[in-house]
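What follows is a short report on a single structure.
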Amino acid sequence: MSDNKKSPLVKILRVGLAGLGNVGAGTFKILEQNAKLIEQRTGTRIVVTAVCARNKTKDRGIDLSKVTWVETPESLIDLPDVDVIVEVMGGEGDPALSLVRGTLQKGKAVVTANKALLAYHGMELAELSAQNNAPLFYEAAVAGGIPIIKMLREGLAANRISGLYGIMNGTCNYILTTMEKTGRDFADVLNDAQNLGYAEADPTLDVGGGDSGHKLVLLSALSYGCQPDFQNLSVEGIDRLSADDIVIAGEFGARIKLIGQAVKLDDGRILQMVSPCLVPKTSPLAHVDDALNGILMHGDFVGPSFVEGRGAGEGPTASAIVADLMDLACLRTCGAIRPVFGAEPHDLKAAPSASRDDWTGEFYMRLVVHDRPGVIAEISPVLRDHKISIESLIQRGRSEDQPVNIVITTHETTGASLRQASEKIELLPNVLAAPLVLPILKI
Ligand code: NDP
Ligand code: HSE
């Protein structure tokens, strides 16, 4: 099957590639370097026939001499020698949105890594996919090195999922683990993550938790059959964490991880939240290091299921894009497509949502205070008034001139109580900043 002349049955899938950055150039390289393997496994030769990026003269380490260069992404849609568009430009708006919309409207397939686009416009695009019988694949959008979309949509499809917890942002995990191992500071490590191709074009999406949120809504839709809806999410990033938090969490037998969680509450609502959390060292998620991603799910029949792999960077992301292209090649030969979010769009319900206020459990609270007599006496009535019981209290350092950290861990309470108490504590005269509040997970 490896030579088209010997096998007249070999089909061709022609790709229009929009975006030639980390992921686009990586996709091009895999399709070239593993061309024979891909053809053997699918009976289809997958070739890039046309490309688009902003800068035509940039050296991308790939040979573009045999492909058509078009000036605007949308020009790819109507090219007769393009069967599928791979959208790897990024951004929730145009040109990615109009390219994906226009391609699906024409009944052509789309493969994308663009989680922001799907988090904001997933419902509309799922409907266009269904109406036009045009596949929309997005394995690369969440944890590229882990086939998590396939796992939820196919492998675990027989289960009711009750909880999903994920480390879904390689940049943040890289920052947190590197800070912990080396004591280097936040900005310096973020710079490394950008150079390694992990970070988004706008890295505030990574460190502010937005990127994890984009991915979480897609996994929630697949897990719970609900409409992907980014507005339904509580999102907090890692930008307020200090090296002290990491050290103190260690003393509590935990590590701090940016966790996206989608949990079905007893009343049927879905709690979707991204937040740095204390994760017990006994949990597999606590040992997901560097730029790796990890996802822990609970299904009613399968029980707990944990997967780990590289979720950022050229190789794993492009690998997922090409896997989608290979699925598409097989689909063209033999079958029907699965709906974008696992169920037909009209069956996806608006999720009755819960917020961070509804999260129940123990919390870590760090306060930055003047080290003066009576500070604890100011704080404890506020906690008492909100029925928050203290499990432990630590003060680090002793200084009349410098602010000091007080860390409180609580017994079980609600996110709402902690939020309301924090708002009051922040106003106390000896408290110098808004308290940092992190849920302590028991997973
Ligand atoms: P890059 O910034 O490296 O690449 C973006 C590419 O899109 C560039 O080639 C750029 O052109 C092109 N582009 C941007 N805007 C336009 C435009 N208006 N018209 C034409 N071309 C345009 O991003 P990545 O490759 O890192 O990411 C691409 C997508 O993949 C994003 O959606 C991202 O969220 C997603 N993703 C990325 C991962 C990663 O680890 N990097 C992992 C998972 C998903 P030019 O090169 O000329 O500037
Ligand atoms: N910026 C993202 C991350 C890329 O760091 O995980 C992968 O989606």
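Quick caveat: nothing in here was measured; it's all calculated off a predicted structure.
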Between Leu285 and Lys257, which heavy-atom pair has the shortest distance, and what is it? O-CE, 3.8 Å
How long is the span from the CD1 atom in Ile85 to the CG atom in Leu136, to the nearest 0.5 Å? 12.5 Å
Interatomic distance, Glu127 atom CD to His121 atom NE2 [nearest 0.5 angstrom]: 13.5 Å
Within a radius of less than 6.0 Å around CZ of Arg184, do more than 12 heavy atoms belonging to other residues, nucleotides or ligands occur? yes
Examine distances only and state if a side-chain atom of Arg255 and a backbone atom of Ala286 form a donor-acceptor pair shorter than 3.5 Å. yes
From OG (Ser220) to CD (Gln272), nearest 0.5 Å: 3.5 Å
Whether the side chain of Arg332 engages the backbone of Thr44 through a donor-acceptor N/O pair (distance < 3.5 Å, no angle test) should be reported. no
Where Ser129 and Ala134 come nearest, the two heavy atoms and their spacing: OG-O, 2.7 Å
Report yes if some heavy atom in the side chain of Tyr120 is under 4.5 Å from a heavy atom in the side chain of Val217; otherwise report no. no
Going by distance alone, is a donor N or O of one side chain under 3.5 Å from an acceptor N or O of the other, for Thr410 and Glu362? no
Arg269 side chain to Ser353 side chain, donor-acceptor N/O pair below 3.5 angstrom: no
Say whether Glu87 and Asn114, considering side chains only, have a donor N or O and an acceptor N or O under 3.5 Å apart. yes
If we only count heavy atoms from C-beta on, is the Arg54 to Met89 side-chain gap below 4.5 Å? no
Step by step, work out the salt bridge (charged side-chain N to carboxylate O under 4.0 Å, His left out) result for Asp94 and Arg101. CA-CA 10 Å; Asp94 289 337; Arg101 240 187 215 147; 5.2 Å; no
Before giving the answer on side chain to side chain donor-acceptor pair (under 3.5 Å), spell out for Tyr174 and Asn169 the whole-Å C-alpha distance, their side-chain angles and the decisive distance to 0.1 Å. CA-CA 9 Å; Tyr174 181 80; Asn169 186 272; over 6 Å; no
Side-chain H-bond candidate by donor/acceptor type, Glu391 with Thr409, under 3.5 Å: yes
Counting heavy atoms not belonging to Arg384, are there more than 12 under 6.0 Å from its CZ? yes
Exercise: do Glu236 and Ser275 side chains pair donor with acceptor under 3.5 Å: no
Checking Arg41, Lys150, Arg153 against Asp327 for salt bridge (charged side-chain N to carboxylate O under 4.0 Å, His left out), the one that qualifies is Lys150
Between CD1 of Ile167 and CG of Asn173, what distance do you get to the nearest 0.5 Å? 4.5 Å
Are Lys106 and Asn132 close enough that a side-chain donor and a side-chain acceptor fall under 3.5 Å? no
Test your reading of the model: is there a side-chain donor-acceptor pair from His287 to the backbone of Lys281, 3.5 Å cut-off? yes
Regarding Asp371 and Gln395, is there a side-chain donor-to-acceptor distance under 3.5 Å anywhere? yes
Nearest heavy-atom approach of Ala243 to Met179 is N-CE, 4.3 Å
Ignoring hydrogens and geometry beyond distance, is a side-chain donor-acceptor pair present between Ser242 and Asp244 at under 3.5 Å? no
Any side-chain heavy atom of Val142 sitting closer than 4.5 Å to one from Leu219? yes
Side chain Lys115, main chain Lys215, donor-acceptor under 3.5 Å: no
Heavy-atom closest contact (Gly260 atom, Leu216 atom, distance): C-CD1, 3.7 Å
Applying side-chain hydrogen bond (donor to acceptor under 3.5 Å, both in side chains) to Ser212 and not counting sequence neighbours gives none
Considering only heavy atoms from C-beta outward, does the side chain of Val274 approach that of Ile259 to under 4.5 Å? no
Please check: side-chain N/O of Gln227 versus main-chain N/O of Leu348, any donor-acceptor pairing under 3.5 Å? yes
Run the numbers on Ser355 and Asp357 for side chain to side chain donor-acceptor pair (under 3.5 Å), then give the verdict. CA-CA 5 Å; Ser355 73; Asp357 275 6; 4.5 Å; no
Ignoring hydrogens and angles, state whether a donor on the side chain of Glu378 or Asn430 is under 3.5 Å from an acceptor on the partner side chain. yes
Under the side chain to side chain contact (heavy atoms under 4.5 Å, CB included) rule, what do Ser162 and Asp300 come out as? Steps first, then yes or no, please. CA-CA 7 Å; Ser162 56; Asp300 52 357; over 6 Å; no
So, the side chain of Asn159 versus the backbone of Val302: is there a donor-acceptor pair under 3.5 Å, distance only? yes
Checking Met123 against Leu128 for the side chain to side chain contact (heavy atoms under 4.5 Å, CB included) test, could you report, in this order, the C-alpha distance in whole Å, the side-chain angles of both residues, the deciding distance, and whether it holds? CA-CA 9 Å; Met123 264 319 281; Leu128 282 178; over 6 Å; no
Just do the side chain to side chain contact (heavy atoms under 4.5 Å, CB included) check on Ser283 and Tyr165 with the steps written out, would you? CA-CA 11 Å; Ser283 167; Tyr165 303 84; over 6 Å; no
Is the shortest heavy-atom distance from the side chain of Leu383 to the side chain of Ile425 under 4.5 Å? yes
Keeping Tyr138 on the side-chain end and Asp324 on the backbone end, is there a donor-acceptor pair under 3.5 Å? no
Closest non-hydrogen contact found for Pro439 with Arg356 is CD-NH2, 4.0 Å
Does either side chain, that of Ser75 or that of Thr72, offer a donor lying less than 3.5 Å from an acceptor on the other one? yes
Donor-acceptor side-chain pairing of Ser417 and Thr414 below 3.5 angstrom: yes
At their closest point, which heavy atom of Ala140 faces which heavy atom of Thr317, and how far apart are they? CB-O, 3.6 Å
Answer yes or no: is there a donor N or O on one side and an acceptor on the other, between the side chain of Lys349 and the main chain of Asp347, under 3.5 Å? yes
Could you state the interatomic distance from CE (Met151) to CG (Leu222), rounded to the nearest 0.5 Å? 12.5 Å
Once you measure the plane-to-plane angle for Phe230 and His214, does it fall in the parallel (<30°), tilted (30-60°) or perpendicular (>60°) bin? tilted
Between Asp290 and Lys181, is there a side-chain N and carboxylate O pair less than 4.0 Å apart? yes
Decide side chain to side chain contact (heavy atoms under 4.5 Å, CB included) for Leu436 and Val368; before the verdict, give the C-alpha distance in whole Å, the side-chain angles of both, and the deciding distance to 0.1 Å. CA-CA 9 Å; Leu436 176 81; Val368 184; over 6 Å; no
So, Asn293 side chain and Gly309 main chain: donor-acceptor pair closer than 3.5 Å or not? no
Does the side chain of Asp192 pick up a donor-acceptor pair with the side chain of Tyr198 at under 3.5 Å? no
Closer than 4.0 angstrom, basic N to acidic O: yes or no for Asp83 and Lys108? no
If we ignore hydrogens and angles and just use 3.5 Å, is the side chain of Glu139 paired with the main-chain N or O of Ile149 as donor and acceptor? yes
Does the gap between the ring centers of Phe341 and Tyr224 come in under 6.0 Å? no
Value rounded to 0.5 Å, distance of CG in Asp211 from SG in Cys172: 8.0 Å
Non-hydrogen side-chain atoms of Val88 and Thr112 separated by less than 4.5 Å: no
